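Here's the structure we're looking at; comments come further down.
Computed from a predicted structure; not experimentally measured.
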Amino acid sequence: DTVFNLRLNCYPANLESLMELAESLYRIPQVREHVALYLAPVESDTVETFLPLDYANAHIRFTEHLYNLGWYSQVRNAMVSRRSSPCDLLKPEGFIADYAGNFYACENHIGRVSSRIATFHNDIAYIQAQKKTQLCAYDRSLTERCKNCAYFPLCFSGCPMYRRSDSQCATFQKMVLGILEINSRISG
């Protein structure tokens with residue numbers, strides 16, 4: 001079973017349209033079976049973005065909407081799971097590409113051509129070498145607070161580029177608990 005991950009870039013002005021999109025997608029049986037949705041906050045200088053607590057509330061609201069649709073596989077998908085790395089893109093085989101065929105080590109780099117590690121014209125060995133070079137640049141050190149936190153296996157301190165602050169930790173924990181509560185309503 002092939003599953004495609006569909007990232008839904010979310011900001012305050014488009015949350016309602018993303019909920020409508022989820023409804024439309026739910027009506028298509030093949031989508032219900034083969035697409036995994038995930039909500040992601042947008043970083044932008046041109047549109048209003050969510051503050052961390054507002055994003056957590058939006059994520060919980062979106063998950064509640066999926067639950068009300070009966071799309072329980074998506075509700076389960078929204079639950080944060082134990083991680084082995086703070087970011088899947090930190091794995092040497094993880095890449096992200098833009099519409100123009102540029103490869104990046106991180107989704108936060110898309111749109112900044114200066115951060116490009118390769119293009120579709122490069123061979124895989126070159127791409128992997130460039131990715132390894134980028135991986136060496138990330139700070140993987142942990143604070144004592146993170147080392148002793150019960151939520152650490154779920155968050156790994158957040159994105160290596162944007163470590164979580166105390167207020168973001170509380171927001172992450174609220175989101176996890178909210179989505180866990182929604183998941184607990186699913187029987188079977």
Side-chain angles (χ1 to χ4, degrees), residues 2-26 31-32 34-69 71-91 93-100 102-112 115-117 131 134 138 151-165 167-180 182-183:
T2 303
V3 173
F4 296 92
N5 292 313
L6 181 59
R7 176 185 164 127
L8 302 178
N9 290 329
C10 185
Y11 50 93
N14 80 340
L15 180 60
E16 295 301 321
S17 66
L18 293 178
M19 290 170 56
E20 290 171 15
L21 174 63
E23 266 182 70
S24 297
L25 293 173
Y26 178 74
V31 170
R32 281 198 311 267
H34 299 288
V35 173
L37 306 176
Y38 73 100
L39 211 57
V42 171
E43 299 281 330
S44 176
D45 296 329
T46 59
V47 297
E48 179 188 359
T49 60
F50 284 113
L51 295 172
L53 184 59
D54 295 332
Y55 173 71
N57 290 329
H59 197 289
I60 292 166
R61 185 170 164 227
F62 184 78
T63 305
E64 184 76 35
H65 180 66
L66 295 171
Y67 174 83
N68 291 335
L69 287 173
W71 204 350
Y72 300 144
S73 62
Q74 296 299 333
V75 174
R76 288 185 189 101
N77 185 54
M79 188 61 214
V80 178
S81 60
R82 184 176 176 86
R83 303 179 65 91
S84 59
S85 167
C87 173
D88 288 339
L89 292 174
L90 284 180
K91 298 174 183 172
E93 66 278 4
F95 307 103
I96 191 159
D98 67 10
Y99 69 93
N102 297 308
F103 282 101
Y104 298 89
C106 173
E107 65 188 32
N108 293 306
H109 295 165
I110 286 190
R112 295 193 320 233
S115 296
R116 174 180 67 194
I117 61 170
K131 176 69 185 264
Q134 284 263 323
Y138 288 110
Y151 287 84
F152 179 75
L154 300 175
C155 95
F156 263 77
S157 303
C159 170
M161 288 183 65
Y162 306 106
R163 297 291 180 149
R164 287 196 171 102
S165 65
S167 66
Q168 290 170 328
C169 286
T171 297
F172 177 79
Q173 292 169 11
K174 175 187 171 91
M175 187 174 72
V176 168
L177 293 174
I179 293 171
L180 184 61
I182 296 167
N183 268 277

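Atom CG of residue Leu69 and atom CE of residue Met19 lie 8.5 Å apart, to the nearest 0.5 angstrom. Here the CE-OG1 distance, from Met79 to Thr63, works out to 10.0 Å after rounding to the nearest 0.5 Å. Residue Ile179 holds its CD1 atom at 10.0 Å from CG of Leu177, rounded to the nearest 0.5 Å. Atom OH in Tyr104 sits 6.5 Å away from atom CZ in Arg116 (nearest 0.5 Å). Taking CG from Leu6 and CG from Leu21, the interatomic distance works out to 7.0 Å, rounded to the nearest 0.5 Å.
The ring-ring contact (aromatic ring centres under 6.0 Å, His included) test applied to Phe50 returns no partner, not counting sequence neighbours. By the side chain to side chain donor-acceptor pair (under 3.5 Å) test, Asn77 is found to be paired with no residue, residues two or more places apart in sequence or in another chain being considered. Under the rule for a side-chain contact (heavy atoms from CB on, under 4.5 Å), the partners of Asn9 that lie at least two apart in sequence or sit in another chain are Arg7, Ala40, Val42. For Glu20, there are no salt bridge (Lys or Arg N to Asp or Glu O under 4.0 Å) partners two or more places apart in sequence or in a different chain. Taking Thr46 as the reference, Ser44 meet the side chain to side chain donor-acceptor pair (under 3.5 Å) condition, with sequence neighbours excluded. Judged as a ring-ring contact (aromatic ring centres under 6.0 Å, His included), and not counting sequence neighbours, Phe62 has no contacts. Scanning for salt bridge (Lys or Arg N to Asp or Glu O under 4.0 Å) contacts around Arg32 gives an empty result, with sequence neighbours left out. With sequence neighbours left out, the side-chain contact (heavy atoms from CB on, under 4.5 Å) criterion links Ala13 to Tyr11. Legend: residues meeting ring-ring contact (aromatic ring centres under 6.0 Å, His included) with Phe152, ordered by chain and number and at least two apart, are Phe156. Not counting sequence neighbours, the partners of Glu64 by the side chain to side chain donor-acceptor pair (under 3.5 Å) test are Arg185. Applying the side chain to side chain donor-acceptor pair (under 3.5 Å) rule to Arg61 yields the partners Glu16; only residues at least two apart in sequence or on another chain are considered. Not counting sequence neighbours, the partners of Tyr72 by the ring-ring contact (aromatic ring centres under 6.0 Å, His included) test are Tyr67.
The two residues Leu53 and Lys174 make their nearest non-hydrogen contact at CD1-CD, 3.4 Å. Nearest heavy atom pair, residue Met175 against residue Ala56, reads CB-CB, 3.9 Å. Between Leu39 and Ala58, the closest heavy-atom pair is CD2-O, 4.2 Å. What you find for Ile60 and Gly178 is that their closest heavy atoms are CD1-CA, 3.9 Å.
A tilted orientation is assigned to the rings of Tyr26 and Trp71, their planes being inclined by 30° to 60°.
Two residues are said to be in side-chain contact when any heavy atoms from C-beta on lie closer than 4.5 Å; Leu25 and Val35 fail this criterion.
Although no hydrogens or angles enter the test, the distance criterion places no donor-acceptor pair under 3.5 Å between the side chain of Glu48 and the main chain of Pro12.
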